[in-house]
Q: 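There's a structure below that I have some questions on.
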Amino acid sequence: MFNSDLINKNPKLIFNLNKGIIKILGQSTMTEPQDFYPSVINLVEEYCKNPHQTTKLIIDLKCYNSLSSRFLLKIIELISHIKYQKGREVKIEWHFDPDDKGIADDIKLFSKIVQFKIEAMCYQLA
């Protein structure tokens, strides 16, 4: 049986800017994320100039590499700064496997770097 998720190394992006929701899903293990993320960051920067009253960033990556993590941090930083705009609310959720200590550590580190609480949402394992 062929599983296309195993060969798709780029994350799935869902932008519902009219509702203030941005989702980053799947995995981000491409070898050249600098070819993928700059256009995403440009879109996020444009959104941040006139964001929805409430913004929610949802990250649900099963895996990502260190090259991608720099871009993810930049996206988190941009979204977290919306909180400084009058009347704006921001929530960042990062869904992860509770057995993945690397992602749990990254969530704590990224929260500390951007000085914004990222909600660590563990998957409910059966």
Side-chain angles (χ1 to χ4, degrees):
M1 176 130 207
F2 178 73
N3 186 345
S4 64
D5 289 341
L6 296 176
I7 60 168
N8 190 0
K9 296 180 179 196
N10 294 359
K12 179 178 181 182
L13 303 169
I14 300 171
F15 287 86
N16 187 338
L17 303 182
N18 293 328
K19 292 187 176 183
I21 299 172
I22 300 169
K23 297 180 181 182
I24 304 172
L25 311 169
Q27 64 180 0
S28 185
T29 57
M30 68 284 268
T31 56
E32 312 248 351
Q34 67 274 13
D35 294 339
F36 177 81
Y37 279 105
S39 61
V40 175
I41 289 172
N42 287 339
L43 183 59
V44 171
E45 286 172 335
E46 285 302 310
Y47 170 77
C48 290
K49 291 177 184 176
N50 187 23
H52 193 268
Q53 186 174 357
T54 59
T55 298
K56 186 174 192 179
L57 172 63
I58 299 169
I59 301 170
D60 188 351
L61 295 171
K62 291 176 183 33
C63 59
Y64 56 93
N65 58 24
S66 59
L67 295 170
S68 294
S69 69
R70 288 184 246 160
F71 292 100
L72 293 170
L73 179 59
K74 178 64 177 175
I75 292 167
I76 291 168
E77 180 181 40
L78 289 167
I79 295 297
S80 70
H81 283 154
I82 292 172
K83 70 183 176 196
Y84 297 117
Q85 297 180 30
K86 186 176 179 166
R88 303 295 192 231
E89 295 178 26
V90 177
K91 184 171 187 179
I92 300 175
E93 293 180 358
W94 194 320
H95 299 254
F96 71 105
D97 181 335
D99 292 332
D100 192 329
K101 301 302 180 203
I103 291 179
D105 289 345
D106 281 354
I107 294 169
K108 289 176 191 170
L109 177 62
F110 288 11
S111 285
K112 187 175 182 178
I113 290 170
V114 300
Q115 298 180 347
F116 187 88
K117 180 160 177 40
I118 298 171
E119 298 289 330
M121 312 288 288
C122 293
Y123 298 142
Q124 298 298 320
L125 302 178

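Residue numbers start at 1 and run along the sequence shown. Only heavy atoms go into these numbers, but all of them, side chains included; no hydrogens, no water, no symmetry mates.
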Q: Is the closest side-chain heavy-atom distance between F15 and V44 below 4.5 Å?
A: yes
Q: Nearest heavy-atom pair of I41 and K74: which atoms, and what distance?
A: CD1-CG, 3.8 Å
Q: Kindly give the heavy-atom pair with the smallest separation between H52 and N18, and that separation in Å.
A: CD2-O, 3.0 Å
Q: Testing the basics here: between P98 and K101, what is the closest heavy-atom pair and its distance to 0.1 Å?
A: O-NZ, 3.3 Å
Q: Taking 4.0 angstrom as the limit, do K83 and E89 come out as a salt bridge?
A: no
Q: Any side-chain heavy atom of L61 sitting closer than 4.5 Å to one from F96?
A: no
Q: Does the pair W94 and Y123 meet the rule for a ring pair (Phe, Tyr, Trp, His ring centres under 6.0 Å), with working shown?
A: CA-CA 10 Å; W94 194 320; Y123 298 142; over 10 Å; no
Q: Measure from the side-chain N and O atoms of N10 to the backbone N and O of F36, and report whether any donor-acceptor pair falls under 3.5 Å.
A: no
Q: So do the side chains of I76 and I113 get within less than 4.5 Å of each other, counting heavy atoms only?
A: no
Q: With rounding to the nearest 0.5 Å, note down the distance linking SG in C48 to CD in E77.
A: 10.5 Å
Q: If only atom types and distance count, is the side chain of Y64 paired as donor or acceptor with the main-chain N or O of L72 below 3.5 Å?
A: no
Q: In Å and rounded to the nearest 0.5 Å, what is the SG to CD1 distance from C63 to I103?
A: 7.5 Å
Q: Distance from K56 atom NZ to K19 atom NZ, nearest 0.5 Å?
A: 12.0 Å
Q: Grab the two heavy atoms, one from M30 and one from P11, that are nearest each other, plus how far apart they are.
A: CE-CD, 3.6 Å
Q: Output, in order, the C-alpha distance, side-chain angles, deciding distance and verdict of side chain to side chain contact (heavy atoms under 4.5 Å, CB included) for H95 and I58.
A: CA-CA 8 Å; H95 299 254; I58 299 169; 3.6 Å; yes
Q: Work out which heavy atom in L78 is nearest to a heavy atom in E45; give both atom names and the distance.
A: CD1-CG, 3.7 Å
Q: Can you tell me how far CG of L43 sits from CG of L13, rounded to the nearest 0.5 angstrom?
A: 9.0 Å
Q: Is it true that N42 and S39 share a donor-acceptor pair across their side chains at a distance under 3.5 Å?
A: no
Q: Roughly how far apart are N65 CG and Q27 CD, rounded to 0.5 Å?
A: 9.5 Å
Q: Check whether any side-chain N or O of S68 sits under 3.5 Å from a backbone N or O of S28 as a donor-acceptor pair, and report yes or no.
A: yes
Q: Does CG belonging to D105 count more than 12 external heavy atoms closer than 6.0 Å?
A: yes
Q: Name all residues meeting the ring-ring contact (aromatic ring centres under 6.0 Å, His included) criterion together with F116; count only those two or more places apart in sequence or in a different chain, and write none if there are none.
A: none
Q: Give, for atom CD1 of I22 and atom CG of L17, the distance between the pair rounded to the nearest 0.5 Å.
A: 6.0 Å
Q: Is there a path of hydrophobic side-chain contacts, each under 4.5 Å between heavy atoms of I, L, V, M, F, W or Y residues, that connects V40 with L73?
A: yes
Q: Give a yes or no on whether Y47 and I59 share a hydrophobic cluster (residues Ile, Leu, Val, Met, Phe, Trp, Tyr; joining criterion: side-chain heavy atoms under 4.5 Å apart).
A: yes
Q: Would you say the side chain of I24 lies within less than 4.5 Å of the side chain of L57, judging by non-hydrogen atoms?
A: yes
Q: Please work out which of the three classes, parallel, tilted or perpendicular, describes the rings of F71 and Y37, given edges at 30° and 60°.
A: parallel
Q: Could you walk me through whether I79 and I92 pass side chain to side chain contact (heavy atoms under 4.5 Å, CB included), step by step?
A: CA-CA 8 Å; I79 295 297; I92 300 175; 4.2 Å; yes
Q: Flag the pair Q85 / P51 as yes when at least one side-chain heavy-atom distance between them is below 4.5 Å, and no otherwise.
A: yes
Q: Going by heavy atoms in the side chains, are K12 and I14 under 4.5 Å from each other?
A: yes
